[in-house]
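Data block below; observations after.
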Amino acid sequence: MAAQPPLQDADLVAMLAEMTDRPVADVPERVGSMELAWLVHQVEQRYGQHLDLTDDQLARIRTVDDAREVLGAALAATADG
């Protein structure tokens, strides 16, 4: 399987737009618990990797930018390891 490109904010916003059935422009920057669960699932599906996130990692995700940082780092750690 070909490697996926690095996770970008636009990817996460598109995933959230799909979940909420909203236009991408209407997706808020803030990420709630339901949105976070959706993002983790979607990222795992897209990259074919299980992300075993700690409570501390999950607690750091409050915005789309936070999600990109934490989920991107988790993907990199899983790929390395």
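Keep in mind the model is a prediction, meaning the values are calculated, not measured.
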Test Q42 against R46 for side chain to side chain contact (heavy atoms under 4.5 Å, CB included), laying out the working first.
CA-CA 6 Å; Q42 291 299 305; R46 177 176 179 176; over 6 Å; no
Thinking salt bridges, do R68 and D11 make one under a 4.0 Å N-O criterion?
no
If I compare all heavy atoms of E29 with all of D65, which pair ends up nearest, and what's the gap?
OE2-N, 3.3 Å
For W38 and E18 the tightest heavy-atom approach is CZ2-OE2, 3.9 Å
Quick check: closest heavy atoms across L71 and L7, and the distance to 0.1 Å?
CB-CD2, 3.7 Å
Rounding to 0.5 Å, atoms CZ (R30) and CG (D66) come to a distance of 8.0 Å
Could you tell me which non-hydrogen atom of L12 sits nearest to which non-hydrogen atom of L39, and how far apart they are?
O-CD2, 3.7 Å
Rounded to the nearest 0.5 Å, how far does CG of D26 lie from CG of L16?
12.5 Å
Quick one: closest heavy-atom pair of E35 and M19, and the distance?
CA-SD, 3.9 Å
Applying the side chain to side chain contact (heavy atoms under 4.5 Å, CB included) criterion to Q57, which one of D55, I61, L53 satisfies it?
L53
Looking at Q49 and T78, would you say the former's side chain and the latter's main chain have a donor-acceptor pair under 3.5 Å?
no
